[in-house]
Amino acid sequence: MARLKEIPSFLLGEVKLMNPYNTKEIERIEKKWQKAWEQKQVFKTGEEKDRPKFYCLEMFPYPSGKIHMGHVRNYTIADVIARFKLMQGYNVLHPMGYDAFGQPAENAAIKHKSHPAEWTYRCIDQMRTNLKRMGFSYDWDRELATCDKEYYRWNQWIFLKMLEKGLAYKKASSVNWCPSCETTLANEEVIQGQCWRCKNNVIQKDLEQWYLKITHYSEALLEDLQKLNQWPSRVLAMQENWIGKSYGVEIYFQMVKTGERLPVFTTRPDTIFGATYVVLAPEHPLVKSLVAGTDREKDILEFVEKAGQMSKSMRMSGDLRKEGVFTGQYAVNPVNQEKIPVWVADYVLMDYGTGAIMAVPTHDQRDFLFAREHALPMRIVIQDPERPDLRVEDMTEAYEEEGVQVHSAQFDGMTNEEGKSKIAQWMEKEGMGRITVYWRLRDWLISRQRYWGTPIPVIYCPSCGIVPVPEDQLPVELPEDVQFTGEGGSPLSQSAGFVRVSCPQCGQDARRETDTMATFFDSSWYYLRYISPRDTGRVFDKEDAAYWMPVDQYIGGIEHAILHLLYSRFFTKFLKDLGWISFDEPFDRLLTQGMVLKDGEVMSKSRGNTVDPDAVIAKYGADTLRLFILFAAPPEDQLEWNDHAIDGSWKFLSRVWNIVHNKHHPVDEQYSFAALPGDAKELEQERNFSIKKISEDISQGFKFNTAISQIMILMNRMEKFSVEDQPVRQAVLNKAIETTVLMLAPLTPHICEELWQKMNGAEESVSRVPWPSYEEGSLIKDVILMVAQINGKLRAKFEVPADMPEDELKDMVLADETIQRHLAGKPVKKFIVVPEKLINIVV
RNA sequence: GGGCAAGUGGUGGAAUGGCAUACACGCAGGACUUAAAAUCCUGUGACCGCAAGGUCGUGUGGGUUCGACUCCCACCUUGCCCACCA
C-alpha cells in the first residue's frame with residue numbers, strides 16, 4: 001500500500017485496453033525482446049578490428065538504488081547513438097558499470113549496522129534490473145564496479161606508477177576538512193565553501209596528506225583544450241577558468257627592518273608606481289618574524305588567529321568587508337625606493353600567488369575599498385585619455401579601465417597596455433622582479449579518512465620510511481573485520497590485521513597507510529578498463545586500447561564539467577607519458593545533457609517532485625518513456641516533465657503498431673520513382689526526404705526532437721494514403737512503413753523488433769539491419785511553391801514548375817491580380833528572385 | 001564582480017538571412033455511441049471585419065539589409081558555473 005501512494009495518479013491503471021498496443025501487450029513485447037537480445041548476445045562487442053569503430057560512453061552511475069529520470073535521459077540519448085551507429089555498420093563499444101565506492105554506502109552501513117559492500121551490491125543489482133528494463137544496448141559482459149578488488153587493484157597500480165614518477169607525494173599543509181563527512185576534500189570538491197556532497201561548511205585543518213601532481217600538466221591541460229572542438233564551449237570555458245593561467249610579474253619588495261626580500265605577484269605591472277602599501281595574507285610566513293618584539297605583536301597575532309579560525313566560506317562570504325591591521329613595518333618599492341606600509345589583511349589569500357600583494361587603490365577595486373576604510377594614501381598612475389583630470393579626492397571607485405601612464409617616471413605618456421610590457425621588461429632587466437606565470441590549479445588532494453574506497457598502497461617503516469607495496473602484493477584489500485560506528489575516525493585504522501604489517505624492504509614491524517583514495521580517482525580511467533575488463537594481468541590491453549580509444553562520444557551531466565573531466569584528462573596524459581597509450585585526450589566529443597525538471601524545478605528526492613521511471617514503464621513501457629524523453633526537448637536543454645504529454649508518445653507508437661498490422665500487406669511488385677502516380681510519388685518523396693533529414697538530425701547535433709517530428713510527418717502522410725487495391729501503391733506504402741520502423745528502431749527498439757519480425761518474418765534483430773539510405777533523385781520536385789513579397793511583406797503564393805525561367809516567373813508574378821492591387825501602380829525598383837524560394841518586389 | 005547559455009502561441013518546442021509558430025501537448029467544436037471512454041475529423045498568436053481581407057506580432061531600444069526570430073551595438077530579465085585569484 002505504501003508503494004501505491006508513491007505513484008502519481010496519472011500513472012495508475014493501464015493504458016487503454018481497447019487498443020492493441022496496451023499495457024499487457026507492451027510488457028509482453030519488451031520482456032520478450034530483452035530476453036532475446038541477451039540470449040543471442042546481440043549487443044556483444046564485435047571483435048572485427050577491420051571495421052570502423054565507435055566507442056559510445058555515458059558517465060557511469062553511482063549505485064544509490066533505483067535509477068532516476070536523469071539517468072534515464074542520459075542513457076536513452078546514449079543508447080540511441082549507439083544503436084544508430086550499429087545500424088550504420090560501425091563496430092560499437094557500449095559498456096556500463098558502477099562508480100561504486102563512496103560515502104553513502106558507508107553511511108548506510110553505519111545506519112543499518114551492516115557492511116558497505118552489502119548495501120552497494122544490493123543497489124547495483126537493483127540498478128542493473130532497472131537498466132535492463134529500459135532496453136539499453138550494453139555489452140553486459142563488460143560490466144564493472146569500481147569496488148571490485150579486480151578493479152581497484154589497478155587503481156593501486158596506477159598510484160604506484162605515479163609515486164614512482166614523483167607525481168604522487170605526501171605533504172603537510174592546511175587542507176579542506178568536512179567535519180560532517182570526517183574527511184578531507186579536494187579544492188574541486190569545495191563548492192562555495194561547502195562540501196560538494198553534504199553541503200556542510202568546510203573548515204581548514206593542518207594534516208599530512210597524499211597529493212597528485214596534476215599541476216605538472218597545467219600547461220598541457222590548458223593547451224589541449226584547443227583540440228576539444230567537439231566539446232561544449234561552456235565546459236571548455238569552465239576548465240580554462242579553473243586552470244587559471246595568469247601572466248604577470250613577481251616584484252621584489254624589500255623589508256626595511258629585516259632586509260628580507262618580499263615577492264608579490266601582480267598582473268598589472270603598469271600600476272607599480274601607484275603602489276601605496278603592501279598586504280600580507282594572515283598565514284604568510286613573514287608575518288611572525290616581522291612583528292616579533294614590536295609593540296604591535298600582540299594585536300597582529302590576535303588578528304592572524306582570528307582569521308585562521310574562520311572557515312573559508314565565512315571569510316569569503318557576505319559583504320566582502322575587508323579587515324586588516326598595520327604591522328608597523330615598511331617595505332621598499334624597487335621602482336622608486338619609496339617606503340610604503342606593510343599591512344596584514346584577510347582579503348589576501350595565502351594559496352594564490354605569493355600570499356602577498358602590492359596594493360594600488362586607484363586601479364583595483366578591492367584595494368580601493370580597503371584603503372578608504374583605513375585612510376591609506378592613493379596615487380593615480382593611469383588616466384582616462386577622454387577626461388585626463390581624474391583626481392583622487394573625486395574617486396568613488398577604482399579606475400580599472402585602459403588609459404595612459406602618468407606619475408610613472410620614464411613611462412609617462414605610454415598607453416598602459418604598452419606600459420605593462422615595457423615596465424615588466426625593465427624591472428626584469430634591472431633585477432627588480434621577474435616576468436612569470438601563476439596558475440590557479442592546485443595539486444589534487446586524494447587522501448580520504450574513510451573505509452569505502454581504494455586503500456592507498458604504501459607502508460610506513462620506522463627505518464625505510466615510505467615504502468610502496470610491491471606490485472605482486474596487489475591488491476591491498478579492504479579488511480572485513482571492521483565495525484561501522486561512525487565514531488573514532490577512519491575505520492581502517494581500527495583494524496589491527498590491516499594496519500600491522502612487516503616492511504617489504506627490511507622485514508621489521510611497520511604500519512600500513514589507512515587512508516583511502518578519493519573516488520574521483522576510480523572514475524578517472526574506467527573508460528580504459530572497459531576495453532579489457534577481465535584482464536587480470538594488466539591495467540588494460542594496449543592494442544585494444546589503441547583500436548577503441550579515444551571515446552568517440554561521451555555523454556553525461558554538466559556537473560562533471562570540472563572535476564571528473566579534468567581528472568580524466570590528467571590521467572590520460574599521465575598514461576601517455578608512461579607509454580601505455582598514444583593519444584592526448586580521452587573524449588573526442590562531449591554531450592552534456594540538460595536536467596529533468598518538474599513544475600519548473602529540478603527533479604530531486606529532496607524536493608519530492610520525482611517521477612519514478614519504473615512506474616512509467618509499468619504503465620506505458622520503456623519505448624514510450626524513451627520516445628517522450630527524446631521528443632520533449634533537445635538533449636542539451638532542460639526537459640520539463642509533463643504528465644500528459646507522455647500519453648502523446650504512447651498514442652504515436654500505437655499508430656505505428658496499427659499501421660503495420662492493418663495496412664502492411666506484402667506484394668510482389670517493383671516500381672520506378674518516375675512512373676509513380678502523383679500522391680504515391682509524393683509519399684515516396686517524403687520517405688526519401690525523411691531518411692535524409694532524420695539521418696542528419698541524429699548525426700549532426702543529436703536533434704532527436706526534430707527527427708521524431710519528421711517521422712510523425714511521414715506517419716501522418718502514410719495514414720492519409722489510400723492503396724486503392726493497386727499493387728504499386730501497396731508497394732510504395734509498404735516501403736514507407738518499413739522505413740519508418742527502421743528509423744524508429746534506435747529510439748524505440750522493442751516495438752520495432754516486434755513489428756520488423758511481423759513484416760519480414762525475420763530472425764535477425766532489427767538493430768543489425770542497415771540504416772536506410774535515400775536517393776537524391778527522389779528528392780527533386782517538379783512543382784515548387786514560390787512566395788511573392790512586396791517590400792519584404794508576403795503578398796501571394798504561386799505553384800510553379802521547378803524549371804521555370806526567371807523572366808517568365810517575373811511576368812507571371814507581375815500579372816497577378818493581388819500583386820497588381822498591392823503595387824497600386826508604383827514603379828518597380830528592384831525584382832529579387834531567390835531560386836526555389838521567393839520573389840521580392842521593391843517599390 | 002567575471003564567464004557561459006537562454007528569452008518565440010495557453011504549454012513543450014520548430015525555423016540560424018527568405019512563408020514565424022513545423023511536430024506535439026492542451027483546449028474548443030463535430031462524427032461515431034443509449035451514454036461515456038477510446039478513435040477519427042475540423043479549428044486554435046492577437047486585434048479589426050459578416051466576409052473577402054487588413055493591421056500588429058519572436059524580451060526592450062537602435063542599426064545593417066530588398067528582406068532580420070536569425071547578423072551588429074546598447075540595455076532588461078532568467079538560468080547555470082566561477083569568484084577578495086592580485
Side-chain angles (χ1 to χ4, degrees), chain A residues 15-19 191-193 232-238 240-242 244-246 248 264-268 271 279 281 315-317 320-322 345-349 351-360 363-367 369-370 400 438-441 558-559 561-562 592 594-595 597 600 602 628 631-634 636-649 651-652 654-655 658 703 705-713 715-716 719 785-797 818 821 829-843:
Chain A
V15 289
K16 303 77 195 172
L17 284 169
M18 292 304 289
N19 197 306
I191 313 295
Q192 295 187 348
S233 57
R234 63 181 164 155
V235 175
L236 296 176
M238 281 157 88
E240 194 178 329
N241 288 340
W242 189 263
K245 185 178 191 176
S246 296
V264 305
F265 177 67
T266 181
T267 54
R268 294 292 306 274
T271 63
V279 191
R315 195 157 141 187
M316 299 193 309
S317 71
L320 300 187
R321 233 177 85 93
K322 296 165 182 21
D346 60 5
Y347 78 99
V348 174
L349 306 174
D351 60 6
Y352 184 76
T354 62
I357 62 154
M358 64 173 199
V360 185
H363 305 298
D364 181 291
Q365 184 61 18
R366 293 156 302 179
D367 296 343
L369 291 174
F370 189 79
E400 293 179 326
Y438 268 91
W439 301 87
R440 220 191 74 116
L441 185 67
I558 186 76
E559 67 273 19
I562 296 173
T592 50
M595 301 204 187
L597 312 184
V602 176
F628 169 72
F631 183 54
E636 274 159 304
D637 291 6
Q638 297 186 329
L639 184 151
E640 174 73 35
W641 180 265
N642 184 322
D643 292 351
H644 299 290
I646 183 127
D647 225 45
S649 293
K651 213 184 290 182
F652 174 72
S654 10
R655 283 165 63 199
N658 289 334
K703 294 184 272 182
N705 55 333
T706 51
I708 292 167
S709 73
Q710 183 58 43
I711 297 179
M712 287 170 168
I713 290 168
M715 185 70 193
N716 290 344
E719 282 179 337
L785 185 74
M786 294 281 283
V787 299
Q789 300 179 331
I790 295 173
N791 286 344
K793 233 178 209 336
L794 178 72
R795 291 305 178 188
K797 299 183 182 186
T818 320
R821 184 157 48 83
K829 272 197 217 155
K830 230 179 193 179
F831 194 89
I832 294 156
V833 177
V834 182
E836 290 175 43
K837 276 198 179 127
L838 64 64
I839 296 140
N840 192 16
I841 306 166
V842 187
V843 294

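Below, read A as the first sequence line, B as the second, and so on, with proteins coming before strands; counting in each chain starts at 1. Values below: all heavy atoms of this structure, side chains included; hydrogens, waters and symmetry mates excluded.
- Closest to the side chain of A:Lys793, from the set B:C56, B:G18, B:C84, is B:C56.
- Distances from the side chain of A:Asn241 to the nucleotides B:A15, B:G3, B:G54 place B:G3 closest.
- In B:G13 the base sits anti relative to the sugar, since the glycosidic angle is further than 90° from 0.
- Residue A:Asn705 is in sugar-phosphate contact alone, with no base atom involved, counting any heavy-atom pair closer than 4.0 Å across all strands shown.
- Pair assignment for B:C71 gives B:G63, based on Watson-Crick or G-U wobble hydrogen-bonding distances that are each under 3.5 Å.
- Partner assigned to B:G1 is B:C82, using Watson-Crick or G-U wobble distances below 3.5 angstrom.
- Residues A:Glu400 and A:Arg268 share a closest heavy-atom pair of O-NH1, 4.3 Å.
- Backbone-only engagement by A:Ile713 is indicated by non-hydrogen atom pairs under 4.0 Å involving sugar-phosphate atoms exclusively.
- Atom CD of A:Gln710 sits about 12.5 Å away from atom NZ of A:Lys703, to the nearest 0.5 Å.
- Using a 4.0 Å heavy-atom criterion, one finds that A:Leu785 contacts the bases of the nucleic acid, with or without backbone contacts as well.
- Side-chain contact check for A:Met358 versus A:Val360: some heavy-atom pair is nearer than 4.5 Å.
- Looking at heavy-atom distances under 4.0 Å, A:Asn716 makes contact with sugar-phosphate atoms alone, never a base.
- If you check B:U44 for Watson-Crick or wobble pairing at under 3.5 angstrom, you find it paired to B:G26.
- Pair check for B:G7 finds B:C76; Watson-Crick or G-U wobble, both atom distances under 3.5 Å.
- An OP1 or OP2 oxygen of B:A86 is reached within less than 4.0 angstrom by a side-chain nitrogen or oxygen of A:Ser246.
- Closest contact between the side chain of A:Ile562 and the listed nucleotides B:C85, B:C82, B:G13 involves B:C82.
- When heavy atoms are screened at a 4.0 angstrom cut-off, A:Gly648 is found touching the sugar-phosphate backbone but no base atom.
- Of the side-chain N and O atoms in A:Lys703, none sit less than 4.0 angstrom from OP1 or OP2 of B:U16.
- Within the shown strands, B:A31 is the pairing partner of B:U39 under the Watson-Crick or G-U definition, both distances less than 3.5 Å.
- Base-pair partner of B:G57: not found among the strands shown (Watson-Crick or G-U wobble, both distances under 3.5 Å).
- A:Lys829 comes within contact range of no nucleotide atom at all, as no heavy-atom separation falls under 4.0 Å.
- Using a 4.5 Å cut-off on side-chain heavy atoms (C-beta onward), A:Trp641 and A:Leu597 make no contact.
- When the side-chain nitrogen and oxygen atoms of A:Lys830 are compared with OP1 and OP2 of B:C66, one or more of them lie within a distance under 4.0 Å.
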